[in-house]
Amino acid sequence: MELWIPITIGAATAQTLRFMLQKRLKGMALSTAGATFARFIYSSPLVAVIALVYAMASGQGTPDIPAAFWPYALAGGMSQILATMCVVALFSHRNFAVGITFKKTEVLLSAFFGFLILGDTFTALTIVAMLIGLVGVLLLSDPPGGIGPWHQRIFNRATALGLGAGVLFGISGNGYRGASLSLADGDVFYRAIITLALVTAFQTLAMALWLAWREHGEITRVLASWRVAGLVGITSMIGSICWFTAFTLQNAAYVNAVGQIELLFSLMIGAFVFGEKIGAREWQGLTLLTCSIIMLVLLL
């Protein structure tokens with residue numbers, strides 16, 4: 001098994017736990033932006049320390065950041081902020097497992113953006129597998145008990161948030177891959193952790209400025225919720241280190257495809273933690289997505 005596959009599974013596990021905790025934060029009177037900010041404020045200092053210690057311990061020292069790094073890093077960082085906000089907001093409209101599933105449209109979209117931005121290529125069979133996943137998403141987009149014309153049921157606020165998250169995460173993954181690959185020197189982990197440290201520092205600053213300007217008192221509420229918010233930061237750090245390392249090793253579409261194992265984890269979390277039930281049509285959608293994942297893993 002190639003190294004990036006278990007790293008991706010570790011990333012998906014940590015990310016599922018982070019979204020679970022962020023759903024808890026959303027229920028603790030924090031805004032969508034506040035629950036998103038918790039991810040960055042508590043993880044960025046830890047990432048910076050790890051990057052510094054690893055750079056010194058490995059003898060690789062201070063990185064030489066090329067100009068090409070910044071457009072990729074800033075585009076990836078900003079799109080990840082907006083994508084995370086879409087997912088957190090989506091939890092108010094659909095249950096946990098379905099919310100995570102909508103986010104997984106990033107597999108198709110990251111392939112598209114990888115082709116446009118980085119010149120990645122894909123076989124016909126992998127594209128077929130991704131399209132099967134898209135059909136599953138369309139099934140999931142029809143809300144339980146929905147009435148009226150099909151287009152009104154499918155094209156709703158939850159769908160817009162889910163697809164928005166998929167688009168933005170697709171851009172984000174390719175942005176991070178482009179940023180880490182632009183670093184000419186250093187081993188895989190060095191390039192991944194340096195990229196992550198710089199991106200999370202930017203994200204923390206950007207969100208702090210936004211909250212101070214638009215949501216007075218929200219930063220204080222996030223800090224007051226430190227018990228849960230701190231765990232969000234830790235799981236975010238672990239997940240991000242794994243994602244960035246995987247993106248450095250393999251193209252974003254394949255990484256996100258294997259990362260769809262997060263769907264199975266989200267089903268367990270939704271059932272055992274939040275007591276959520278999945279309807280028949282949602283099971284059909286999840287089944288198609290699972291088939292898509294298996295096909296993609298076998299084809300890689």
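Just so it is clear, the values below take in all heavy atoms, side chains as well, and ignore hydrogens, waters and symmetry mates.
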_Side-chain donor/acceptor of Arg177 to backbone N/O of Gln250, under 3.5 Å_ = yes
*Can you find a side-chain donor-acceptor pair between Asp187 and Gln60 that sits under 3.5 Å?*
yes
*Test side chain to side chain contact (heavy atoms under 4.5 Å, CB included) on Leu223 and Tyr42 and set out the steps.*
CA-CA 9 Å; Leu223 296 177; Tyr42 289 101; 3.7 Å; yes
*So, does Ser225 use its side chain to make a donor-acceptor pair with the main chain of Val228 at under 3.5 Å?*
no
*Between Val53 and Val47, is there a shared hydrophobic cluster once you connect ILVMFWY residues whose side-chain heavy atoms come closer than 4.5 Å?*
no
*What orientation do Phe189 and Tyr54 show, parallel under 30°, tilted 30 to 60°, or perpendicular over 60°?*
perpendicular
*Flag yes if Val49 and Met56 sit in one hydrophobic cluster, no otherwise; membership is Ile, Leu, Val, Met, Phe, Trp, Tyr, and two members link when side-chain heavy atoms are under 4.5 Å apart.*
no
*asked:* Quick one: does any side-chain atom of Gln203 pair with a main-chain N or O of Phe40 as donor and acceptor, under 3.5 Å?
replied: no
*How many angstroms lie between CD1 in Ile219 and CD1 in Ile41, if you round to the nearest 0.5 Å?*
7.5 Å
*Rounded to the nearest 0.5 Å, what's the gap from CZ on Arg39 to CD1 on Ile234? Could you check?*
14.5 Å
*Atom CD1 of Ile193 and atom CG of Leu196: how far apart are they, to the nearest 0.5 Å?*
5.0 Å
*Can you check whether Met237's main-chain N or O pairs, donor with acceptor, with Ser240's side chain at less than 3.5 Å?*
no
*When the aromatic ring centroids of Phe247 and Tyr176 are compared, is their separation below 6.0 Å?*
no
*Which value, rounded to the nearest 0.5 Å, describes the distance between His216 atom NE2 and Thr220 atom OG1?*
11.5 Å
_Within this structure, what is the CD1-CD1 distance for the pair Ile65 and Ile194, rounded to the nearest 0.5 Å?_
6.5 Å
*Decide side chain to side chain contact (heavy atoms under 4.5 Å, CB included) for Phe37 and Leu30; before the verdict, give the C-alpha distance in whole Å, the side-chain angles of both, and the deciding distance to 0.1 Å.*
CA-CA 10 Å; Phe37 179 61; Leu30 290 184; over 6 Å; no
*Run the numbers on Met78 and Phe202 for side chain to side chain contact (heavy atoms under 4.5 Å, CB included), then give the verdict.*
CA-CA 9 Å; Met78 185 56 68; Phe202 158 72; 3.7 Å; yes
*Any side-chain donor near an acceptor of the partner, Thr248 and Ser180, under 3.5 Å*: yes
*asked:* Does Leu231 form a side chain to side chain contact (heavy atoms under 4.5 Å, CB included) with Leu17? I'd like the steps, not just the answer.
replied: CA-CA 9 Å; Leu231 291 175; Leu17 293 174; over 6 Å; no
